[in-house]
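Encoded as C-alpha cells, the structure appears first; notes follow it.
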Amino acid sequence: MRNILTAADLIRASAGDPLIVWAGQGFSEGVRAWYDGDAVAVAAPDLSKRDRLAVAGPVDAVARLTSKVVAEVGPTYRPFGDEQLLRELADRVPGMEFSASFGWMDTAEVPVVTTTAAWLDSEDGVEELLTEASPSSYAWPGRGGVRRWAAVTGDRGELLSIAADAWSAPEVGFLAGVATRSVARGKGLSRQVCGFVTAELVKRHGRAALMVDRDNAAAIAVYRRLGYTYRSVAAARMES
C-alpha cells in the first residue's frame, strides 16, 4: 500500500467520492490515507464521534488494504463505506464484524427555502434543546469538530429548531445536530433550519452532506426536498 499525502491526491485516488473526501478532512491533524490499486482507505480520528476508517473500491482490493491499515492504526478505527462493500468485507477481513447500516446524503445544490434561520452568536440553549429533542445527537456544544449552530427562534428569542455545521471538510460541509422542540414540530421549522445550513455549506464548501438513520423516513423526506440524494452506507467494528 502507498500513502496519500494531500487532499488533491485523495480526490484523484477516490474519483472525488464525497464520503472519502469528507473523511479526509483536508488532512487535518491525525488523518492518514492510503491506496492500493483502485482501493482507498482514510483513517480519521474522532470524526463524528468515532475513529473512522472510510474505504472504497473493489472488495478484494479493499479487503487487502483494510487488513494492512488496521494492523497499522489499530482496531479502534471502524470501517465505514457503502453498505454492500462493508457486508462483503466482513466476510473477508479477519476480525471484522458488520455493525449497522444507515444513510449518507449529499448535495451540491443550494436549496431555495424561505426561512428565518440564522447562525447563533452563542450556544446558549442548544444543549437544553438537544437534551429534550435529540439526546442521541453526535453533535453537542463544545464537542471537537462542532463549529457553529443555526436556529429558528421564537418571538421571545427561544430556540425552536437547530442544526450544526460540524466536522466539515474543505470540500464537503457537514450538517449534524438537527433537533426541533416538541411543541414546535409539524410547522416545517426543521426544513427551514436545514435549508439554511445546507445553503451556507454548499456556498462555502461546494457540497453538503449528512448521515441519517435509515428508518427515519420523515427526515429523509425533508432532506430529499432540499436536494439531497440518498446512499446506503454501513459501519463495521474490529476485534480488539
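- Using a distance-only test at 3.5 Å, with no hydrogens or angles considered, a donor-acceptor pair links the side chain of N216 to the main chain of A219.
- By the 4.5 Å heavy-atom criterion applied to side chains, W149 and D121 are not counted as neighbours.
- Here the CH2-NZ distance, from W140 to K49, works out to 9.5 Å after rounding to the nearest 0.5 Å.
- Rounding to the nearest 0.5 Å gives a distance of 9.0 Å between OG of S134 and CG of L129.
- Proximity of a side-chain donor or acceptor of Q192 to a complementary backbone N or O of T116 within less than 3.5 Å is detected.
- Taking every heavy atom of both residues into account, G142 and E123 meet most closely at N-OE1, 4.0 Å.
- Between E83 and R231 there is no side-chain heavy-atom pair separated by less than 4.5 Å.
- Counting all heavy atoms, side chain and backbone alike, V21 lies closest to G16 at CG2-C, 4.0 Å.
- Between A117 and T115 the shortest heavy-atom distance is N-OG1, 2.9 Å.
- Both tests pass for R52 against the ring of F80: distance under 6.0 Å to the centre and angle within 45° of the axis.
- Annotation for A139 and L130: closest pair O-CD1, 3.4 Å, computed over non-hydrogen atoms.
- Here the OG-CZ distance, from S168 to R207, works out to 13.5 Å after rounding to the nearest 0.5 Å.
- Atom CD in E200 sits 6.0 Å away from atom CZ in R148 (nearest 0.5 Å).
- Scanning all heavy atoms of the two residues, the minimum distance from S14 to I20 falls at CB-CG2, 3.7 Å.
- Under 3.5 Å, the side chains of R214 and S101 contain a donor-acceptor pair of N or O atoms.
- Using a 4.5 Å cut-off on side-chain heavy atoms (C-beta onward), L159 and L120 make contact.
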Side chain to side chain contact (heavy atoms under 4.5 Å, CB included) between R87 and D91, worked out: CA-CA 7 Å; R87 290 190 180 278; D91 293 330; over 6 Å; no

Audit row: Q25, V42, side chain to side chain contact (heavy atoms under 4.5 Å, CB included) steps and yes/no: CA-CA 10 Å; Q25 291 288 292; V42 181; over 6 Å; no

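- At a threshold of 4.5 Å between side-chain heavy atoms, the hydrophobic network of Ile, Leu, Val, Met, Phe, Trp and Tyr places I4 and V31 in one connected group.
- Residues V202 and A108 come closest through the heavy atom pair CG1-O, 3.5 Å.
- Here the CH2-CG distance, from W104 to D17, works out to 8.0 Å after rounding to the nearest 0.5 Å.
- Through side-chain heavy atoms spaced under 4.5 Å, either directly or across other Ile, Leu, Val, Met, Phe, Trp or Tyr residues, V113 is tied to M105, W119, L175, V178, F196, V197, L201, L210, V212, I220, V222, Y223, L226, Y228, Y230.
- Between the CZ atom in R32 and the CG atom in L5 there is a gap of 10.5 Å [rounded to 0.5 Å].
- A centroid separation of 6.0 Å or more is found between the aromatic rings of W167 and W22.
- Residue V69 is found in a hydrophobic cluster whose other members, listed by chain and number, are M1, W34, L53, V55, V59, V62, L65, V70, V73, Y77, L85, L86, L89, V93, M96, F98, M238; membership requires side-chain heavy atoms under 4.5 Å apart, directly or through intermediates.
- A 4.5 Å side-chain heavy-atom check between R64 and R92 finds every atom pair outside the cut-off.
- With contacts defined as side-chain heavy-atom distances shorter than 4.5 Å, the pair V172/H205 does not qualify.
- Contact check for E132 versus S182: side-chain heavy atoms found under the 4.5 Å cut-off.
- Put simply, the side chain of S48 reaches to within 4.5 Å of the side chain of M211, judged on heavy atoms.
- Side-chain contact between L160 and T180 is absent, with no heavy-atom pair separated by less than 4.5 Å.
- With R78 contributing its side chain and D51 its backbone, the two residues share no donor-acceptor pair below 3.5 Å.
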